[in-house]
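Values below: all heavy atoms of this structure, side chains included; hydrogens, waters and symmetry mates excluded. Quantities reported herein were computed from a predicted structural model and do not represent experimental measurements.
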Amino acid sequence: MDRQNVASGTPWEPIVGYSRAVGVGTAVYVSGTTATDESGNVVGHGDPYAQATLALRNIDAALRAAGAGLKDVVRTRMYVTNIDDWAEVARAHAAFFGAIRPATSMVEVRRLIAPEMLVEIEADAVIGAS
């Protein structure tokens with residue numbers, strides 16, 4: 001099977017040595033994604049809903065670049081630095097995946113790579129799973 005690496009163009013990818021998404025066959029795996037803009041700047045300081053929304057938009061863009069879409073997502077993983085923010089993060093997740101309803105989990109982590117990051121989300125998709 002061919003492997004397709006998808007880059008978002010942020011400065012972190014070459015530094016860390018990862019791809020925003022990797023497609024192999026009909027599977028697409030999207031790396032942990034945060035609320036960063038095209039330059040790698042964190043957006044939505046102090047707002048877990050805004051951060052989750054931008055992270056999910058970034059995931060959508062990565063999926064589209066790999067030939068998939070949100071409808072193909074079968075699993076997400078959400079990492080939050082404060083589990084008390086779960087309702088706001090869940091509200092954003094439901095706005096994107098309410099009808100799709102992938103398997104998911106949300107866990108609290110001590111911190112993410114930058115202190116202003118509140119949410120990180122991963123997604124796995126299978127093209128044609130819709």
Check: Among all residues two or more places apart in sequence or in another chain, which pass the side-chain contact (heavy atoms from CB on, under 4.5 Å) test with A68?
Finding: V28, L63, D72, I127
Next item on the list: Output the distance between atom CE (M106) and atom CE (M78), rounded to the nearest 0.5 Å.
Entry: 4.0 Å
Note to self: Between L54 and I121, is there shared hydrophobic-cluster membership here, with clusters defined by ILVMFWY side-chain heavy atoms closer than 4.5 Å?
What the structure shows: no
Review item, side-chain donor-acceptor pairs of residues 39-46, under 3.5 Å, at least two apart:
from	atom 1	to	atom 2	distance (Å)
H45	NE2	V42	O	3.1

Margin query: Please enumerate all residues that pass side-chain contact (heavy atoms from CB on, under 4.5 Å) together with A94, with sequence neighbours excluded.
Written below: none
Notebook entry, point to check: Of the non-hydrogen atoms in A62 and V6, which two are nearest, and what is the gap between them?
Noted result: O-CG1, 4.1 Å
Margin query: Using the rule given for side chain to side chain contact (heavy atoms under 4.5 Å, CB included), can you reason through L118 versus V80, listing the C-alpha separation, both sets of side-chain angles and the distance that settles it, and then say yes or no?
Written below: CA-CA 6 Å; L118 306 174; V80 296; over 6 Å; no
Item checked: Nearest heavy atoms of Y18 and V16, plus distance in Å -> CD2-CB, 3.5 Å
Notebook entry, point to check: What ring-ring contact (aromatic ring centres under 6.0 Å, His included) pairs are there with at least one residue in residues 19-42, not counting sequence neighbours?
Noted result: none
Next item on the list: Mind running side chain to side chain contact (heavy atoms under 4.5 Å, CB included) on V22 and R3 for me, showing each step along the way?
Entry: CA-CA 7 Å; V22 175; R3 175 189 175 114; 3.8 Å; yes
Notebook entry, point to check: Between OG1 of T34 and CD1 of I113, what distance do you get to the nearest 0.5 Å?
Noted result: 9.0 Å
Check: Does P102 reach the side chain of K71, with side-chain heavy atoms less than 4.5 Å apart?
Finding: no
Please report, to 0.1 Å, the donor-acceptor pairs under 3.5 Å made by any side chain of residues 81-92, with sequence neighbours excluded.
from	atom 1	to	atom 2	distance (Å)
N82	OD1	D84	N	2.9
E88	OE1	R91	NH2	2.8

Next item on the list: Could you list all the salt bridge (charged side-chain N to carboxylate O under 4.0 Å, His left out) pairs where at least one residue sits in residues 35-58, not counting sequence neighbours?
Entry: none
Notebook entry, point to check: Linking I/L/V/M/F/W/Y whenever their side-chain heavy atoms sit closer than 4.5 Å, directly or via other members, would L56 and L70 fall into one cluster?
Noted result: yes
Notebook entry, point to check: Is there a donor-acceptor contact under 3.5 Å from the side chain of Q4 to the main chain of A21?
Noted result: no
Margin query: Considering only residues two or more places apart or on different chains, which pairs with a residue in residues 97-113 satisfy side-chain hydrogen bond (donor to acceptor under 3.5 Å, both in side chains)?
Written below: T76-T104
Next item on the list: Please identify each residue that fulfils side-chain hydrogen bond (donor to acceptor under 3.5 Å, both in side chains) with D60, with sequence neighbours left out.
Entry: R64
Next item on the list: Only counting residues at least two apart or in another chain, list the ones meeting side-chain hydrogen bond (donor to acceptor under 3.5 Å, both in side chains) with T33.
Entry: R20
Next item on the list: Look at the side chain of D124 and the backbone N and O of V30, then say whether any donor-acceptor pair between them is shorter than 3.5 Å.
Entry: no
Item checked: Interatomic distance, I59 atom CD1 to S8 atom OG [nearest 0.5 angstrom] -> 11.5 Å
Notebook entry, point to check: If two hydrophobic side chains count as joined below 4.5 Å and joins carry through other members, does V73 share a cluster with F96?
Noted result: yes
Check: Okay, side chain of S19, backbone of A7: is any donor-acceptor separation there less than 3.5 Å?
Finding: no
